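Below is one structure, written out as structure tokens; the observations come after it.
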Amino acid sequence: MVNMVFGLLLRRIFLTVVETSSRVSLGTRGQWCGFTTSTTRFSESSLPNPDSVVSYKQLKNMLSTHNVQLFDVRNQDEFMAGRIPDSVNIPLGQLEESLKLSPEHFQLQFEVNAPGKDDDNIVFHCQKGRRSAEALAIARQLGFNRARHYQGGYSEWAAHEGK
């Protein structure tokens, strides 16, 4: 008998909470019953600016005219398994530190000239675009305001190139 009463009581509490929560408006900070929910949402301002995205066709043209500083931010094992020609591997976890290197140290470590903060031919890429978008944000925070990223990544590149 006690178990049955206890079960009915729990059911009633559960139904009351569900009914009440469906009518409760979360405040501007998303608070309810002492819990705070995240209010982070994707907005147009959080998406990469279309001018910062390089298409396959644009990248192909930049590579053919040797007018690109292409940085692959995938891990080294991914890079070794397949890469876009003339790309330089700087894993995302090492990017910020690497972009802060002096031009001389950057040249020694990566065997290419260091990108300049005003260069408009800096392009980051990864496998599918997520890490390169993060790389772009890091670069922009460091003052590389004209940097871009290849959103299609190596996956799109390999599909176009038949690899």
Side-chain angles (χ1 to χ4, degrees), residues 24-163:
V24 171
S25 169
L26 295 177
T28 56
R29 293 186 53 169
Q31 293 181 338
W32 180 71
C33 295
F35 294 101
T36 302
T37 59
S38 171
T39 57
T40 303
R41 299 179 194 275
F42 274 107
S43 66
E44 287 188 22
S45 63
S46 66
L47 296 174
N49 178 334
D51 294 335
S52 67
V53 176
V54 173
S55 69
Y56 168 79
K57 187 175 178 179
Q58 289 170 312
L59 182 58
K60 190 85 168 162
N61 184 52
M62 293 171 85
L63 285 165
S64 71
T65 60
H66 304 287
N67 185 27
V68 65
Q69 297 175 76
L70 183 60
F71 297 104
D72 185 333
V73 296
R74 298 178 299 159
N75 295 324
Q76 188 175 14
D77 60 328
E78 294 173 284
F79 180 78
M80 296 305 288
R83 64 190 202 98
I84 297 175
D86 299 328
S87 60
V88 175
N89 184 226
I90 305 177
L92 183 60
Q94 299 170 16
L95 182 67
E96 184 172 355
E97 176 186 314
S98 298
L99 291 176
K100 290 179 179 178
L101 291 172
S102 69
E104 296 79 20
H105 284 103
F106 191 95
Q107 167 81 41
L108 285 171
Q109 187 165 346
F110 299 106
E111 299 178 354
V112 295
N113 291 332
K117 291 191 177 185
D118 293 326
D119 293 349
D120 67 351
N121 64 347
I122 300 168
V123 177
F124 297 102
H125 87 86
C126 61
Q127 189 69 28
K128 294 185 179 180
R130 184 189 58 79
R131 287 176 285 181
S132 62
E134 289 181 46
L136 181 63
I138 291 167
R140 295 267 170 102
Q141 286 177 337
L142 295 175
F144 295 87
N145 295 320
R146 300 176 76 190
R148 296 178 280 173
H149 83 116
Y150 174 40
Q151 194 169 19
Y154 184 74
S155 293
E156 181 180 87
W157 178 268
H160 279 286
E161 298 293 307
K163 296 184 180 191

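Every value quoted in this text rests on a predicted model; they were computed, and no experiment measured them.
At least one side-chain heavy atom of Y56 sits under 4.5 Å from a side-chain heavy atom of E161. Considering only heavy atoms from C-beta on, I122 stays 4.5 Å or farther from R146 through its side chain. In this structure, D86 and V68 have side chains that are not in contact, with every pair of non-hydrogen atoms separated by 4.5 Å or more. Using a 4.5 Å heavy-atom cutoff, the side chains of Q107 and N113 are in contact. Residues L108 and L101 are not in side-chain contact: their nearest non-hydrogen atoms beyond the backbone lie 4.5 Å or more apart. F124 places none of its side-chain heavy atoms less than 4.5 Å from the side chain of E134.
Of the possible polar contacts, one joining the N89 side chain to the R74 backbone as a donor-acceptor pair under 3.5 Å is found. In this structure, R148 contributes its side chain and L136 its backbone to no donor-acceptor pair below 3.5 Å. With hydrogens and angles disregarded, no donor-acceptor distance shorter than 3.5 Å links the side chain of S132 to the backbone of Q151. Side chain of K117 to backbone of L142: a donor-acceptor contact under 3.5 angstrom is found. A donor-acceptor pair under 3.5 Å links the side-chain atoms of R140 to the main chain of N145, judged by distance alone.
The only member of Y150, Y154, F79 that meets side chain to side chain contact (heavy atoms under 4.5 Å, CB included) when paired with S87 is F79. The side chain to side chain contact (heavy atoms under 4.5 Å, CB included) test with V123 singles out one residue from V53, I84, V54, and that residue is V54.
Expressed to the nearest 0.5 Å, how far CZ of F144 lies from CD of Q69 amounts to 9.0 Å. The NZ atom of K100 lies 10.0 Å from the CD1 atom of I138; values are rounded to the nearest 0.5 Å. In this structure, CG in L95 is found 6.5 Å from OG in S98, a value given to the nearest 0.5 Å.
The 12-atom threshold is not exceeded at NE2 of H105, counting heavy atoms of other residues, nucleotides or ligands nearer than 6.0 Å.
Heavy atoms only, all atoms of each residue included: L63 and L70 are closest at CD2-CD2, 4.3 Å. Between A147 and A139, the closest heavy-atom pair is CB-CB, 4.4 Å. Of all heavy-atom pairs spanning V73 and A135, the tightest one is CG1-CB, 3.8 Å. Between D72 and C126, the closest heavy-atom pair is OD1-CA, 4.5 Å. When all heavy atoms are compared, the tightest approach of R131 to N75 is NH1-N, 3.9 Å.
Taking the six-membered ring for Trp and thresholds of 30 and 60 degrees, F106 and F71 have ring planes more than 60 degrees apart, a perpendicular arrangement.
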